[in-house]
Asker: 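Okay, handing you the structure first.
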Amino acid sequence: MTVLEPFGARLRRAMDERGPLCVGIDPHASLLAEWGLNDDVSGLERFSRTVVEAVADRVAVIKPQMAFFERFGSRGVAVLERVVQETRAAGALVVMDAKRGDIGSTMAGYAEAFLHKDAPLFSDALTVSPYLGYGSLAPAVALARETGTGLFVLALTSNPEGPEVQHAVRADGRTVAATVLAHLAADNAGQEPLGSFGAVVGATVGDLSSYDLAINGPLLAPGVGAQGATPADLPRVFGAAVRNVVPNVSRGVLRHGPEVAGLRAATERFADGIRAAVDGAAGGC
């Protein structure tokens, strides 16, 4: 099996060269309608491949949301395969947003579907859920190490239901989210210039000062744009870890379609704002 340079190293380079912006591809029915497209496989393909054409040669990361392709069955997944291939050919990294989480051979199967080099949906990284216990992710962690890919593990998500699990306090006094972050720090120990195992931490979660975000890995941060967070908020929310933040923007870019020029202009505005915020924070340290 061909082994890539570790995901963390490839991501660090992409962020340094292209800026840290991640653009999500979320082709849900309302966005297809806004673009004047039918809610069918043809509309799905037109939408998704237009986004790739517009931004995959200029952003660090593209994050397709698996659910919006799966709802069309095998034909939708076939579209996603082409999106993945075209994105990687244009130089962006693919983070597959599938939030898989299971145990044993089933978790291994999910990992092979997205992180094995010969898989049709082979991606640079995969979002996963640790809520069957962080140790349940071991097959995915092992395969990611073998193939040079990465994981983004749900830690502090911005959905209102998240705190009932993520803020729950264990017998040792540490929250579940803090425990996930500690596991990630351990898995990234000694990796340079950046570990390959990241956390999903929402940019709209609120005060994160009680959490140690120094996991030596990337922090995928949804919530910028339509959900209310702005690029200028990032240094305040993430503090000293801001240079490792990968801010995700989906609707804030996608609503500017269907023209490629509109998508590119929106992407550049967000990218410029994020770069200015991160560079300003670094200059103030």
Side-chain angles (χ1 to χ4, degrees), residues 7 10 14 18 21-100 109-128 149-150 152 200 220 222 224-227 246-271:
F7 171 69
R10 293 185 288 122
R18 295 186 172 199
L21 178 62
C22 168
V23 172
I25 302 182
D26 296 1
H28 49 74
S30 62
L31 272 172
L32 294 179
E34 285 183 28
W35 281 33
L37 300 172
N38 292 329
D39 187 20
D40 56 19
V41 173
S42 177
L44 173 76
E45 181 159 27
R46 173 73 179 277
F47 181 98
S48 304
R49 297 179 77 182
T50 298
V51 177
V52 172
E53 177 188 351
V55 306
D57 64 346
R58 60 197 62 207
V59 300
V61 180
I62 295 274
K63 182 175 71 64
Q65 171 47 256
M66 182 83 185
F68 295 120
F69 296 85
E70 287 180 310
R71 70 191 185 99
F72 292 104
S74 61
R75 294 176 65 201
V77 174
V79 171
L80 181 56
E81 291 176 8
R82 290 191 287 275
V83 165
V84 168
Q85 292 162 7
E86 291 172 7
T87 296
R88 299 186 81 238
L93 301 177
V94 174
V95 173
M96 185 61 67
D97 194 356
K99 298 182 179 70
R100 296 302 196 244
Y110 282 138
E112 289 171 4
F114 300 102
L115 303 178
H116 193 287
K117 197 71 167 59
D118 296 329
L121 287 171
F122 175 67
S123 303
D124 297 285
L126 172 69
T127 62
V128 292
T149 54
F152 281 100
V200 178
L220 181 64
V224 176
Q227 293 182 48
V246 184
N248 176 75
V249 179
S250 296
R251 282 174 291 170
V253 168
L254 302 177
R255 65 185 178 84
H256 293 280
E259 300 302 324
V260 165
L263 294 167
R264 286 180 175 167
T267 297
E268 289 169 6
R269 286 194 296 273
F270 277 108

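Predicted, not measured: the structure shown is a model, and the values here were computed from it.
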Asker: For Leu37 and Gly43, work out which heavy atoms get closest and say how close.
Answerer: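 Result for this residue pair: CD1-O, 3.5 Å.
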Asker: Within a reach of under 6.0 Å around CZ of Arg10, are more than 12 heavy atoms found that belong to other residues, nucleotides or ligands?
Answerer: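 Enclosed.
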Asker: Can you tell me how far apart CG (Asp97) and CD1 (Ile25) are? Round to the nearest 0.5 Å.
Answerer: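 So the CG of Asp97 and the CD1 of Ile25 are separated by 11.5 Å.
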Asker: Return each pair, listed once, that meets side-chain hydrogen bond (donor to acceptor under 3.5 Å, both in side chains) where at least one residue sits in residues 52-62; pairs must be two or more places apart or across chains.
Answerer: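 Pairs touching residues 52-62 that pass the test: Arg58-Glu268.
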Asker: Restricting to non-hydrogen atoms, name the atom on Ala113 and the atom on Leu121 that form the minimum distance, rounded to 0.1 Å.
Answerer: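 That would be O-CB, 3.7 Å.
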Asker: Search all heavy atoms of Ala92 against all heavy atoms of Ala56 and return the closest pair with its distance.
Answerer: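 The answer is CB-O, 3.4 Å.
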Asker: Please identify each residue that fulfils side-chain contact (heavy atoms from CB on, under 4.5 Å) with Ala98, with sequence neighbours left out.
Answerer: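 For Ala98 the side-chain contact (heavy atoms from CB on, under 4.5 Å) partners, ignoring immediate neighbours, are Met66, Met96, Arg100, Phe114, Leu126.
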Asker: Could you tell me which residues satisfy side chain to side chain donor-acceptor pair (under 3.5 Å) with Ser123, sequence neighbours excluded, listed by chain and number?
Answerer: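 Partners of Ser123 under the side chain to side chain donor-acceptor pair (under 3.5 Å) test: none.
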Asker: Contact between Val84 and Phe122 at the side-chain level, heavy atoms closer than 4.5 Å - yes or no?
Answerer: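 Side-chain contact under 4.5 Å: no.
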Asker: Could you point out which residue of Val55, Leu263, Leu254 forms a side-chain contact (heavy atoms from CB on, under 4.5 Å) with Thr50?
Answerer: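 In the set Val55, Leu263, Leu254, the residue that makes a side-chain contact (heavy atoms from CB on, under 4.5 Å) with Thr50 is Leu263.
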Asker: Can you list every pair that meets side-chain hydrogen bond (donor to acceptor under 3.5 Å, both in side chains) and has a residue in residues 76-94, with sequence neighbours left out?
Answerer: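 Residue pairs passing side-chain hydrogen bond (donor to acceptor under 3.5 Å, both in side chains), neighbours aside: Glu45-Arg82, Arg49-Glu86, Arg88-Asp124.
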Asker: Search all heavy atoms of Arg251 against all heavy atoms of Leu31 and return the closest pair with its distance.
Answerer: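 Distance-wise, the nearest heavy atoms are CG-CD1, 4.3 Å.
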Asker: Which pairs with one or both residues in residues 39-62 pass ring-ring contact (aromatic ring centres under 6.0 Å, His included), sequence neighbours excluded?
Answerer: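 Found Trp35-Phe47.
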Asker: If the condition is salt bridge (Lys or Arg N to Asp or Glu O under 4.0 Å), which residues does Glu34 pass it with, not counting sequence neighbours?
Answerer: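 For Glu34, no residue satisfies salt bridge (Lys or Arg N to Asp or Glu O under 4.0 Å) once neighbours in sequence are set aside.
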Asker: Who passes ring-ring contact (aromatic ring centres under 6.0 Å, His included) against Phe68, sequence neighbours left out?
Answerer: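 ring-ring contact (aromatic ring centres under 6.0 Å, His included) check on Phe68 returns His28.
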Asker: Considering non-hydrogen atoms only, spot the tightest contact between Val83 and Ser48 and give its length.
Answerer: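 Closest approach of Val83 to Ser48: CG2-CB, 3.6 Å.
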Asker: Arg75: which residues meet the side-chain contact (heavy atoms from CB on, under 4.5 Å) condition with it, sequence neighbours left out?
Answerer: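 Testing Arg75 for side-chain contact (heavy atoms from CB on, under 4.5 Å), a comparison that skips the adjacent residues, returns Val41.
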Asker: Using side-chain heavy atoms (C-beta onward) and a distance below 4.5 Å, is Leu32 in contact with Asn38?
Answerer: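 Leu32 does not reach Asn38 side chain to side chain.
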Asker: Determine all donor-acceptor pairs shorter than 3.5 Å in which one atom belongs to a side chain in residues 255-262; sequence neighbours excluded.
Answerer:
unit_1	atom_1	unit_2	atom_2	d
His256	NE2	Gly252	O	3.4

Asker: From Leu80 CG over to Gln65 CD, what is the distance, rounded to the nearest 0.5 angstrom?
Answerer: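 Atom-to-atom, Leu80:CG and Gln65:CD are 10.0 Å apart.
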Asker: Looking at side-chain heavy atoms only, is the closest gap between Phe72 and Val79 below 4.5 Å?
Answerer: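 A side-chain contact is absent here, since even the closest heavy-atom pair is not under 4.5 Å.
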Asker: Residues two or more places apart in sequence or in another chain: which of them pass salt bridge (Lys or Arg N to Asp or Glu O under 4.0 Å) with Arg71?
Answerer: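 Salt bridge (Lys or Arg N to Asp or Glu O under 4.0 Å) list for Arg71, sorted by chain: Asp39.
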Asker: Does any part of the side chain of Phe270, heavy atoms only, come nearer than 4.5 Å to the side chain of Val23, both counted from C-beta?
Answerer: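 Result no, sub-4.5 Å side-chain heavy-atom pair not found.
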Asker: Can you tell me how far apart CG (Leu93) and SG (Cys22) are? Round to the nearest 0.5 Å.
Answerer: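 The CG atom of Leu93 sits 9.5 Å away from the SG atom of Cys22.
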Asker: Under 4.5 Å between any side-chain heavy atoms of Leu220 and Lys63, yes or no?
Answerer: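 The answer is yes; the side chains approach within 4.5 Å.
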